[in-house]
Amino acid sequence: MTTVGIIVNPNAGKDIRRLVTPATHTSDVTKVGIVRRAIVAAAESGATRILLMPDRHRLAERAADGLDLSGLDSSGARRDCVIEIVDEPLTGSRFDTIAAARRFWKEQVGAVIALGGDGTARDVALGWPDAPLIAISTGTNNVYPSAIDGTSAGAAAALVASGHVDIARVGRRSKRVTVRIDDVVLDGDEERHVSRDDLALVDLAFIDAQFVGARAVRDPSTVRAVVAAVATPASTGLSSIAGRVHPIDRWEDGGVLVRLGGGDGRRVRVPLAPGSFTTLDVAEVRPLALGENVEIVGKCVLAFDGERDVPVSERGRVNVRVDKSGPLLIDVEATLNIAARDRRFDAPSHSNTDGDHHGH
Amino acid sequence: MDLSVDVQLDLHRRMVRIRLFEEAAGRLAESNRLPGFLHLYVGEEAVAAGVCGALNDDDHITSTHRGHGHLVAKGGDFNRMMAELMGKATGYCKGKGGSMHISDTSLGMLGANGIVGAGSPIAVGAAFANRYRGRGQVAVAFFGDGSTNIGAFHEAANMACALHLPIVFACENNEYGEFTPRDKTMAITDIVDRAAGYGMPGVIVDGMDVIAVHEAAVEAVERARSGGGPSLIEAKTYRFYNHHGVQNLGLKYRSDDEVAMWKQRDPIFTLEDRMIENKAATRDQFDAIWAELRADIDTAIAFADESPYPTPDQIMVGVYTSMTGAQ
C-alpha cells in the first residue's frame with residue numbers, strides 16, 4: 001500500500017498581519033483547490049491510500065468531494081485509490097495538525113504534504129519529528145515551506161511513498177531549533193515548577209511582552225533576541241533579522257543568535273512582516289555550531305516560527321540549540337526529475353481515457 | 001505593542017461590566033421582571049470590550065439584536081440601560097425601545113437593531129458622514145456571522161470599500177444563527193474569506209482573548225482613521241447562554257460538551273489569571289472590582305424599579321427624529 005498524508009491548516013494565512021502589512025490572504029477555497037490537485041496527482045502517481053487531516057472548516061471533505069480515483073495507472077494496470085479522513089477529535093486549533101501528523105506516523109504514511117506557513121510545518125514536526133515532508137506555503141511567513149503547486153507536490157509525495165523514487169536521493173534532514181523551557185508557574189496560590197520541550201523549524205524569538213494576544217510579533221522594539229536555524233535575507237519575518245546580518249542557509253550546519261538593543265551601533269533594515277520594513281539595533285551576532293547550547297533567562301513571550309506562543313516568567317530559563325533533527329524535507333523538483341528520467345510518466349502505447357484523473 | 005496595565009484593567013472592567021449587566025438582566029427576565037426578548041452577550045465580552053477599548057468617545061458603533069454588551073463597552077449608563085430594559089420612562093429610549101433598540105448617540109452608539117444585518121449600512125452612513133465632516137471619527141459595525149448572509153451586509157461592505165470609508169466591520173462569529181449551525185447556512189467557514197471579495201483586508205482573532213481582539217482593533221481603527229479604508233475583523237467567539245434569555249426554549253441544538261468547552265475559555269477569567277501571573281494585578285484587586293460593579297448593578301436595578309412607566313401622553317415623543325439632532 002502506498003499511503004500519502006495531507007495536512008491543511010485552515011487557520012493559516014488569515015491572521016492580524018493582513019491588517020498591518022500587505023500580507024497575502026489565503027482563502028479556504030484556495031486551500032481546497034491545492035489539496036484537491038494534490039489528491040488527484042498522488043493517485044495518478046501511484047498512491048493507493050490518501051489520508052487527510054480532519055478540520056473544523058471541512059476543507060478535507062470539500063477537497064475530496066466527488067473525486068473518483070478508480071482507474072488505470074500509467075502502465076495500464078487497474079488500480080484504485082481510497083481517500084480517508086482520519087478519525088481524530090477536533091479542537092479547531094493547531095493541535096489538530098499535531099494530532100494528524102502523529103496519526104500519519106502511526107499509519108506509516110510514506111510522505112506528508114502540509115499546507116500552511118512556518119508554524120504549520122512546526123506543528124507537523126511536533127507530531128512527527130522525522131516526517132518525510134513536502135511543505136507548501138499558504139501562510140504568512142513561509143521560510144520553511146515553498147511555493148509548490150498541489151499537482152507537483154501530490155505527484156512527488158506518491159513517487160516517494162511508493163518507493164519509485166528513493167527518499168534517500170531526494171529527502172534531506174532539515175534543521176530545527178530545539179527548545180527546553182524550565183519555569184515556575186502559579187497553580188492557584190501554589191508555585192509549581194514546569195518543564196517542557198518544544199521546537200521551531202526556522203526561528204525562536206524572545207519577545208518583551210506579557211501576552212500571546214494576536215500571536216504575530218508586530219512591534220519591533222519588543223524583539224529581544226532571535227535564534228535562527230534558517231536565516232536568509234530573502235525571507236520575511238523574524239528570521240530575516242538574522243538573515244540580513246548573518247545568513248545561514250537551510251542546509252548549512254549551524255545557526256545564529258542575534259541579540260537586539262543598544263550595542264556596537266550596527267543598525268539593520270529588516271522586513272519584519274511581508275512588505276513592511278523596520279530598523280533594528282543589533283547588539284550581538286553570534287554564529288552557533290550545531291548542538292551549541294544558548295541559555296536565555298527572564299520574563300518574555302517565546303515566539304516560535306514567528307508566532308507568540310509561550311509566556312515565560314521572570315524565573316524562567318530557556319535553553320536553545322540548533323540541531324539537525326527536523327523533518328526529512330522532500331525535494332519535489334528533484335523527485336519529479338528522477339521519475340521523468342526513469343520514464344515513470346510514460347503512458348501505455350495505446351492510451352485509454354478511462355485512466356484519466358481529473359480534479360474538476 | 002505591549003499593553004499598559006491601565007489598558008489591561010480598562011479592558012477587564014469593560015468585560016466585567018458587561019457580564020454583570022447581562023447576568024442581572026437574565027435573572028430579571030427569568031423572573032418575568034423584564035418584558036420582551038432578551039439576547040444575552042455573556043461569553044462574547046472580549047469582542048465588544050476589545051474593540052470599544054480601541055475607540056474614542058466620539059467614534060460611532062452600530063450594534064445587533066445582542067446589543068447590550070456593545071453599549072456597556074462604549075460606556076453606557078447602567079441606570080438608563082436597566083430602566084430601558086424594564087420599559088421605564090427614565091430609560092435610554094424613554095422605555096419605548098427596550099433591549100433591541102437601546103442606544104446612546106452621545107456615546108456614538110447608534111443603536112441595537114432587531115433586524116439582522118441592518119446595523120452595517122447604518123455604520124457605513126456614519127462613516128460617510130464622519131469623512132464628510134472631516135473630524136477624524138471612525139465607525140464600527142458589529143454584526144454576527146449569520147448576518148453576512150443578508151443582502152444589507154454585502155451592500156454595506158461594497159459601498160464602504162468603493163468609497164474607501166473609515167469603518168471597521170467587526171464580526172462576532174459565534175457559530176450559530178439563532179439555533180442553526182453556521183455550516184448549515186453557508187459554504188464557507190471563515191467570514192473573513194468574504195472580505196477579499198470587496199477589496200478590504202480581513203483578519204481572524206481569538207474572540208475569547210480580549211488582548212488579541214484589542215490588538216487587532218487598534219490596528220484596524222488606526223488604519224481607518226488615517227485614511228487606509230475599511231477592514232474586517234472576525235472574532236471567533238461563543239455565547240454561553242441560548243439565543244435569547246437564559247434557558248431559551250430548552251432546545252438542544254448545542255451539545256453540553258461544546259458549551260462546557262467554550263466556558264473553560266471564559267474571557268474574563270483568562271485575562272485575570274494572566275494578569276495575576278504577570279503580577280499586573282492581584283486577586284484582591286479583581287474581587288474589589290467585581291464588588292464595586294455589583295453594587296452599581298444593584299443601584300441600577302433599584303433605579304429602574306423605582307422609575308415610572310411612560311405615560312400615554314408621551315406616546316409620540318421621541319419616536320420620529322427632527323433630523324436636527326444628529327451627532
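All chains are named by letter (A, B, ...) in the order of the sequence lines, taking the proteins before the strands, and each is independently numbered beginning at 1. In this text, all values refer to a predicted model and were calculated from it rather than measured experimentally. In what follows, every heavy atom counts, from backbone to side chain, and hydrogens, waters and symmetry copies are set aside.
- For B/Asp206, no part sits under 4.5 Å from any heavy atom of chain A, backbone or side chain.
- Between B/Glu215 and the options A/Arg17, A/Arg215, A/Arg308, a salt bridge (Lys or Arg N to Asp or Glu O under 4.0 Å) holds for only A/Arg308.
- The shortest side-chain heavy-atom distance between A/Asp28 and B/Thr189 falls under the 4.5 Å cut-off.
- Residues A/Gln210 and B/Ile211 fail the side-chain proximity criterion, which asks for heavy atoms closer than 4.5 Å.
- When heavy atoms are compared at a cutoff of 4.5 Å, A/Asp208 approaches chain B solely by way of its backbone atoms N, CA, C and O.
- Around the CZ atom of A/Arg317, the shell of radius 6.0 Å holds no more than 12 heavy atoms that belong to other residues, nucleotides or ligands.
- Annotation: the span from B/Asp190 atom CG to A/Arg56 atom CZ amounts to 12.5 Å, rounded to 0.5 Å.
- Residue pairs meeting the side-chain hydrogen bond (donor to acceptor under 3.5 Å, both in side chains) criterion with at least one member in residues 154-164 of chain B, sequence neighbours excluded, are B/His154-B/Tyr198.
- Here A/Ser313 contributes atom OG and B/Lys279 contributes atom NZ; the two are 7.0 Å apart, rounded to the nearest 0.5 Å.
- Side-chain atoms of A/Lys14 and B/Asp193, non-hydrogen and from C-beta on, do get closer than 4.5 Å to each other.
- Surrounding CG of B/Asp287 are more than 12 heavy atoms belonging to other residues, nucleotides or ligands, all under 6.0 Å away.
- Heavy atoms closer than 4.5 Å to chain B are found in the side chain of A/His25, but not in its backbone.
- In this structure, chain A has no heavy atom under 4.5 Å from any part of B/Ala195.
- A heavy-atom distance below 4.5 Å is found between the side chains of A/Pro311 and B/Arg274.
- Looking at B/Met275 and A/Phe211, their side chains come closer than 4.5 Å, going by heavy atoms from C-beta outward.
- When atom types are taken as modelled, the side chain of B/Glu219 and the backbone of A/Leu19 share no donor-acceptor pair closer than 3.5 angstrom.
- Considering only residues two or more places apart in sequence or on other chains, B/Asp10 meets the side-chain hydrogen bond (donor to acceptor under 3.5 Å, both in side chains) condition with B/Arg14.
- For chain A, the option among B/Glu234, B/Gln8, B/Met200, B/Met261 with the highest count of heavy-atom pairs below 4.5 Å is B/Gln8.
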